[in-house]
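Remarks on the structure that follows.
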Amino acid sequence: MEKKVAKRLQGLLSKVDSDRIYDISSGVRTVKSLASAKFDETVEVALRLGVDPRHADQMIRGAVVLPHGTGKKVRVAVFAKGIKADEAKSAGADVVGDEDLAEEIKNGNLNFDMVIATPDMMALVGKVGRILGPKGLMPNPKTGTVTMDIAKAVTNAKSGQVNFRVDKKGNIHAPIGKASFAEEKIKENMLELLRTVNRLKPASAKGKYIRGGILSLTMSPSVKLDSQELMDVK
């Protein structure tokens, strides 16, 4: 089995020029050609930013609704009561509740990919923050997941909203589609992500903002992207 995996990886590596800096179009085309798994692999982009996340004003965090979605069915949980709970259900939320939902989470039942909450529910959500936080599920106003417009938030989540945040080393990772997507759809999703990231550039960031970028599939080698082209997307 290991020999088969090694042979597959060697074959994929032969299709990638490790010394080349790819533009977005050729990067997408090359990565699509690397699809080799028995499942529909996710196309992922990683950006290295010139920010220092230790400073609060350089902690890049946001959300973007990809025009062609992520290709993944997103399960949404909503903390809400009364009419807002009804709005969430009507919009297609998979799980809606308050104290009962918090209890489910405490019991380890996290059968969802995104959590949305109305502002008045955040004290309750905070009680399970230690569980949601490490999994990247904690609702946040900056990603539109703490809001009174529950219907819109649920619709966005179901339509392909991607939440992202810079890690301790200044990197952002985000899915932008599936290997089965047409090249143009992957490219348009990527451009929308870049527009959002570029809009979030903090005034206090010094030097080059996007210092590097790579594109890859779940089980493929990565290609290096032209950082200047990435920064020029507006």
> Which pair of non-hydrogen atoms, one from Ile176 and one from Asn189, has the smallest distance, and what is that distance?
Replying inline: O-ND2, 3.1 Å
>> Just checking Lys72: does its NZ atom have more than 12 heavy atoms from other residues, nucleotides or ligands closer to it than 6.0 angstrom?
In response: no
> Out of curiosity, Glu41 CD to Ser220 OG, how far, rounded to the nearest 0.5 Å?
Replying inline: 6.5 Å
>> Working note: Tyr22 + Val16, criterion side-chain contact (heavy atoms from CB on, under 4.5 Å); need CA distance, chi angles, decisive distance, verdict.
In response: CA-CA 10 Å; Tyr22 291 77; Val16 177; 4.1 Å; yes
> Closest heavy-atom contact between Glu87 and Met148?
Replying inline: OE1-O, 4.3 Å
>> Between Thr145 and Asn140, does the side-chain hydrogen bond (donor to acceptor under 3.5 Å, both in side chains) criterion hold? Intermediate values first, please.
In response: CA-CA 5 Å; Thr145 48; Asn140 188 290; over 6 Å; no
> Quick one: do Lys169 and Asp167 make a salt bridge, cutoff under 4.0 Å?
Replying inline: no
For residues 112-125, dump all side-chain donor-acceptor pairs below 3.5 Å to protein atoms at least two apart in sequence or in another chain.
unit_1	atom_1	unit_2	atom_2	d
Asp113	OD1	Arg75	NH2	3.0
Asp113	OD2	Arg75	N	2.8
Asp113	OD2	Arg75	NE	3.1
Thr118	OG1	Asp120	OD1	2.7

> Is there a donor in the side chain of Lys187 and an acceptor in the side chain of Ser25, or the other way round, less than 3.5 Å apart?
Replying inline: yes
> Hey, does the side chain of Ser33 reach the backbone of Thr30 with a donor-acceptor pair shorter than 3.5 angstrom?
Replying inline: yes
> Asp23 side chain to Leu225 main-chain N or O, any donor-acceptor pair under 3.5 Å?
Replying inline: no
> Say you draw a straight line from CD of Glu103 to CG of Asn109; how long is it, rounded to the nearest 0.5 Å?
Replying inline: 10.0 Å
> Would one find more than 12 heavy atoms of other residues, nucleotides or ligands at under 6.0 Å from atom NZ of Lys185?
Replying inline: no
>> Can you confirm whether more than 12 heavy atoms, excluding those of Lys234, are under 6.0 Å from its NZ atom?
In response: yes
> Between Glu192 and Arg195, is there a salt bridge with N-O shorter than 4.0 Å?
Replying inline: yes
